[in-house]
J.: 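Pasting a structure below so you can have a look.
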2 protein chains.
Amino acid sequence: MTTDPARPVRRLPRAERRAQILEAATRAFARAGYTATGLGDVAAEAGVTQVLLYRHFASKSDLYRAVLDRACTRLAEAVGTDHFDDTSLPTLLRAAAADPEGFRLLFRHAAKEPEFRDVIEGLRAGSTEVTRRHLAERVPGGPWQDWAARLVPVVTLEAVIAWLDAGQPDPDRAAERIRQVVHSVIEAASRPG
Amino acid sequence: MTTDPARPVRRLPRAERRAQILEAATRAFARAGYTATGLGDVAAEAGVTQVLLYRHFASKSDLYRAVLDRACTRLAEAVGTDHFDDTSLPTLLRAAAADPEGFRLLFRHAAKEPEFRDVIEGLRAGSTEVTRRHLAERVPGGPWQDWAARLVPVVTLEAVIAWLDAGQPDPDRAAERIRQVVHSVIEAASRPG
DNA sequence: ACCGTTGTTTAAGTCGAATTATACAAGATG
DNA sequence: CATCTTGTATAATTCGACTTAAACAACGGT
């Protein structure tokens, strides 16, 4: 029950400590989501006292928002928000590989916490809009367009996460294969009865 | 701030009340998961007092387990657990349509609550096993087999959920289209570099 | 009419997690 | 050295949510 005998007490300049806490909190929250993760878990993950968290963030929900903002920002900077072309999928894979925990956090957990849905709304709306534009060319309006519009982003994200879980083999090939799967969703939705 | 003036107090035989609470709890928990949903939410959804919940279930976690068991049982009875053939997809769609909230609860929320992972483990293990069997015929072992094995069940479930969200159009066509998408995942994984 | 069952209402007890307060230790730096 | 900053340790406080207790109301069958 003894703590490590002589821990030198890691001191960091304020900004770096803040960044380190954000990374640790991302990992911690990515495991079980907001409500199920205590500040104790976050503090332990950061190797730091609970009290110190309050020297950097006003509250648990403040900290969580900062984590989500960081993940959003990194993703947006990498992928961009306006267009969708041949480079988008490879870029998305690179971004996911650069920040796997943030990626999982955003798309597996944050989407559900009702209190923070607004943070995700931008991403979700953007991808849905882009998807609609792509679909409109080939899929007539109606329930099957709805089906495809809902499924394409989810399938893309799940394919990326599965790729992360599988060890991130061969990014270029991954992009091409995910494209094929997405294409088959559109194909399936556009095929007449 | 007055409650509805003359509520007749709905009385039900014990078994029916229990069933009704289970239905209501399924809806409530399906919205935000276990930890984020309070017994107050469940009681409100059931149109019943919080205290009454304890006359039917020993605790919140007991209630949740009962909800998960019910959803699992209904699904297993409908789909079966041992084989996978041409009838599985249509059957899965029928089962999902018969219990949409239970379906969403099992596959969107319960998979993450660490305390209840064991309930899902059977389903997850079964579907993964079946998926592996299908994949082994065409996809060589390695990271891409892993990728496909992880992706196929998720894509199937997400496709079903998207179909629920889109208004459950034309179940037979839906089964055929989901089959195409799943096939394209296997195709993508098995294609050589 | 009696009594068990199904409910409600209200209040109290319990418990864990968030938050705040205080005192102390030690590196950095002018 | 004096002092500011970073950090710890410990404890108190708050607060919400689960849980239990107690007393009362009405329906329904025998």
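Letters A, B, ... are given to chains in the order of the sequence lines, protein chains preceding strands, and every chain is numbered from 1. No hydrogens, no waters, no symmetry mates; every other heavy atom, side chains included, goes into these values.
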J.: Between C1' on dT6(C) and CD1 on I21(B), what's the gap in Å once rounded to a whole number?
T.: 11 Å

J.: Is any side-chain N of the basic residue among D165(B) and R104(B) closer than 4.0 Å to the acidic one's carboxylate O?
T.: yes

J.: Which residues pass the ring pair (Phe, Tyr, Trp, His ring centres under 6.0 Å) test with Y64(B), not counting sequence neighbours?
T.: F29(B), Y34(B), F116(B)

J.: Rounded off to whole Å, could you give me the CZ-to-P distance for the R55(A) and dA9(D) pair?
T.: 13 Å

J.: Consider the side chain of R11(B), meaning its heavy atoms from C-beta on, and name the nucleotide among dT19(C), dC18(D), dC27(D) that approaches it most closely.
T.: dC27(D)

J.: Taking the six-membered ring of W144(A) as reference, does the NZ or CZ atom of R191(A) fall below 6.0 Å from its centre and within a 45° cone about the axis?
T.: no

J.: Would you mind telling me which residue lines up with the more 5' stretch of DNA chain C, S59(A) or Q50(B), judged by nearest nucleotide?
T.: Q50(B)

J.: Rounded to whole angstroms, how far apart are CD on E16(B) and P on dG7(C)?
T.: 10 Å

J.: Expressed in angstrom and rounded to an integer, what is the separation of K60(A) atom NZ from dC15(D) atom C1'?
T.: 14 Å

J.: Would you kindly give the CG-to-P distance between L12(A) and dT8(D), to the nearest whole Å?
T.: 10 Å

J.: Distance alone, cut at 3.5 Å: any donor-acceptor contact between the side chains of Q20(B) and R17(B)?
T.: yes

J.: Measure from CG on D41(B) to C1' on dG16(D) and round the result to the nearest Å.
T.: 13 Å

J.: Round to a whole Å and report the spacing from CG of L53(A) to C1' of dG7(D).
T.: 12 Å

J.: Using the side-chain heavy atoms of V48(B), tell me which of these nucleotides is nearest: dT6(C), dC18(D), dT8(C).
T.: dT8(C)

J.: Measure from the side-chain heavy atoms of V51(B) and tell me the nearest of dG7(C), dT9(C), dT20(C).
T.: dT9(C)

J.: Could you list the residues that satisfy ring pair (Phe, Tyr, Trp, His ring centres under 6.0 Å) with W163(B), not counting sequence neighbours?
T.: none

J.: Do any side-chain nitrogens or oxygens of R17(B) fall under 4.0 Å of OP1 or OP2 in dG7(C)?
T.: yes

J.: Rounded to whole angstrom units, what separation is found between the CG atom of L52(A) and the C1' atom of dA18(C)?
T.: 16 Å

J.: Contact class for R14(B) vs. all strands (heavy atom < 4.0 Å): base, sugar-phosphate, or nothing?
T.: sugar-phosphate

J.: Below 4.0 angstrom from OP1 or OP2 of dG7(C), is there any side-chain N or O of T49(B)?
T.: no

J.: Kindly indicate whether the side chain of R10(B) and the base of dG7(C) share any N or O donor-acceptor pair separated by less than 3.5 Å?
T.: no

J.: Hey, does S61(A) reach any base, or is it just sugar-phosphate, or nothing, if we go heavy atoms under 4.0 Å?
T.: nothing

